[in-house]
There are 2 protein chains.
Amino acid sequence: MNLRRQGRNAATVHDVAREAGVSPMTVSRVVNNAPGVASVTRALVKQVIERLGFVPNRAARSLRARRSLWIALAFQRSLDETRDDPAYVTELQEGVIGRCLENGYHAAVEVLSADQGEAAIQLRELAQQLAPDGVLLAPPLSAAGPLLAQLEELRVPFVRISPASEDGPGPCVVIDDLPAAQQMTEYLLSMGHRRIACVQGHPAHAASAPRLQGYLAALTGWGIASTPSLIVPGDFSFDGGKRAAAHLLSLGADAPTAIFACNDESAAGCLAEAHARRIQVPTELSIAGFDDTYVATMLYPPLTTIRQPIREMGQAATSQLLALIEGLQPPQSIRMPYRLVERQSAAPATGQGRHAS
Amino acid sequence: MNLRRQGRNAATVHDVAREAGVSPMTVSRVVNNAPGVASVTRALVKQVIERLGFVPNRAARSLRARRSLWIALAFQRSLDETRDDPAYVTELQEGVIGRCLENGYHAAVEVLSADQGEAAIQLRELAQQLAPDGVLLAPPLSAAGPLLAQLEELRVPFVRISPASEDGPGPCVVIDDLPAAQQMTEYLLSMGHRRIACVQGHPAHAASAPRLQGYLAALTGWGIASTPSLIVPGDFSFDGGKRAAAHLLSLGADAPTAIFACNDESAAGCLAEAHARRIQVPTELSIAGFDDTYVATMLYPPLTTIRQPIREMGQAATSQLLALIEGLQPPQSIRMPYRLVERQSAAPATGQGRHAS
DNA sequence: TTGAAAGCGCTAACAC
DNA sequence: GTGTTAGCGCTTTCAA
């Protein structure tokens, strides 16, 4: 068993070369899977590497090859000084970190300021100090124009995760927000709901617009006119959802029988407001969310929502970035599948909703 | 404005040395705040560094100085293939990452297998490949004996975050679980509750035992005998909490008027079970949690719980680790303060609880 | 207080 | 297919 660490008395390419009776260069080629080594030699060297427990020194490799073997995963601190949805963050991280490890890279998590100007400065310092080989931008950074421009200027490869638009610089990974929202709305329609409200997302967030559009498209598809009073502003927050529901549920006979909230957090707010008003969910009111985040199963009743393959998006984005770093030309945009998760917060409409009982 | 990145045509110590009319060595000393440089020289060099936008090359520094300037923050993947409480994870990360940056370090987030043997292997590979200057162990890794032993063997400095016991190898950062749980139980007692149940934590988790002990201590302090049937097993999960509450609430006249759940997630489960049984919280039943995690405010009613200064614990642990790396002798254990957060899930007892109405 | 020399471990560029 | 040479940018060591 080899417990020798890097830097102490660890084996080097020279040690391996000597043992294998080849030159250090050949060892290097084997380690990097570079062409130009006879398969016999390659096998021999690999065996010696195994035996000596040789692990290449990252610092040396990085210094000579001018690659840091690091990528940065950049999040934005949200305005209230906490990051948004921690479950989204950790799941994305797992996808990214895992895929990095598979490829000899490491991921550095960075949290940039909510202030765009400050974030740009932080990103530059990051590029200088850490010198990542590439950057992954989580939303809403993925839609921050000036930052993208700066990365282009610095010639740092980057991939955008769930940006506002698939156009723009750099490849991206997206999910089909619009059809997903449409499917959810159609699901509510198919259960007999006709007065369906929509609690919108944060105006600055990329996902907000397509989710509203999907909602509208579903109504149009079913030949139902949209009701302006049922489309209320929101900001992806619990409090925003609670306020929106308070408004909607005080509409009396015009109140909705179902609410489509554009994310789980605001759906949780709607749920809390319904509880506070002693309105039974889902018998009197159906509520649907979007994201299938951590909290969805911890609410009462558990939330019917749309599941995004967040971890898989992280993996896909990382693969795209590594391809970019290798000088390849990855697809401009990768679309990931979504799935409607039926739980207990939505049920068939019962006549006039809460006014039926 | 300097946009030159590392590795491209960035300024080096030689450039700075030439401009300043000194040797590269002097520049190095200034950069590292090493002694033995006249203050005039130091000022001059600093000025040139500023002017050229010089940023030391991490790889070169790391190669020569045999320090990677990285620390690893290790989490354990929980058994159900997701990490526990994402909010805890992200908050701890922010504390650690922030403090690292302040000190010229970077933090690498690592997620180890739930299987201890596999985790040990991953940790060794990590130590070899990344060669972090130190490791921070999040719970429950901080209580994993074999891993700690391995780190000692590898001579990698480490700090334990919320370990089972303050004894054992390496410094640690802890909160006073016992008095915190005691205070919460006393809070319930002071509101007139006498039949208070305790939903225990995961047996393998360090925090479980002291929290139970705190609960018991409070009862003892008030001269109340503990009731075995009111102390139910749990595992820090939503489902575990729900099962525990189902048991407790089917006890008829012996059912508790208040439940102290050993974390927020199981408290959420208790809340869901109460909702499902149409038991009003807090009027018929009080529920208290522990951790003040992300979900606490998204439940209905919002959870009365104990707040841990998680971010600050991350910062403190990082400072301890950096001290250890510098060869200093940090305190063996740092205790962080906690705080009872009153929200709406607990209220004064009303006669016989749910049987009063 | 400062500097010169050497080399950390690896790989680009080129020669054979 | 393989080896030689040189040097990435920094800091350790030692000398002045």
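Computed from a predicted model, the values in this text were never measured in an experiment. Chain letters run A, B, ... following the sequence lines, proteins first, then strands; residues in each count from 1.
Taking atom CG of residue B:Leu63 and atom C1' of nucleotide C:dG9, one finds them 6 Å apart after rounding to whole Å. Rounded to whole angstrom, the span from the CG atom of B:Asn33 across to the P atom of D:dT11 amounts to 12 Å.
For residues 121-146 of chain B, no pair satisfies ring-ring contact (aromatic ring centres under 6.0 Å, His included), with sequence neighbours left out. Under the ring-ring contact (aromatic ring centres under 6.0 Å, His included) criterion, the residue pairs touching residues 92-124 of chain A are A:Trp70-A:His106, with sequence neighbours excluded.
Under 3.5 Å, the side chain of B:Arg29 and the base of C:dG3 form at least one donor-acceptor pair of N or O atoms. On a pure distance criterion of 3.5 Å, a polar donor-acceptor pair joins the side chain of A:Arg64 and the base of D:dG7.
Put simply, B:Thr26 has a side-chain N or O that comes within less than 4.0 Å of OP1 or OP2 on C:dG3. Between A:Arg66 and D:dG9 there is a side-chain N or O to OP1 or OP2 distance below 4.0 Å. Taking side-chain N and O atoms only, A:Arg61 has no distance below 4.0 Å to OP1 or OP2 of C:dG9. Within the 4.0 Å cut-off from OP1 or OP2 of D:dT11, at least one side-chain nitrogen or oxygen of B:Asn32 is found.
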Inset, instruction - Might you work through the side chain to side chain contact (heavy atoms under 4.5 Å, CB included) test for A:Thr41 and A:Lys46, ending with a clear yes or no? - result: CA-CA 8 Å; A:Thr41 317; A:Lys46 276 189 173 161; over 6 Å; no
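Counted within 6.0 Å of CD on B:Gln332, heavy atoms from surrounding residues, nucleotides or ligands total more than 12; the atom is thus considered enclosed. Environment of CD in A:Glu102: crowded, with over 12 heavy atoms of neighbouring residues, nucleotides or ligands closer than 6.0 Å.
Among the atoms of the strands shown, only primed sugar atoms or phosphate atoms (P, OP1, OP2) are found under 4.0 Å from some heavy atom of B:Val22.
If you find the closest nucleotide of DNA chain C to B:Ser23 and to B:Ala60, the one lying nearer the 5' end belongs to B:Ser23.
Residue A:Ser28 places its side chain closer to C:dT11 than to any other of C:dC8, D:dT2, C:dT11. Looking at the side chain of B:Met25, the nearest of the listed nucleotides C:dA4, C:dA13, C:dG9 is C:dA4.
A donor-acceptor pair under 3.5 Å is formed between the side chain of A:Gln76 and the backbone N or O of A:Ala114.
Taking every heavy atom of residues 36-46 of chain A and every atom of DNA chain C, no pair lies under 4.0 Å.
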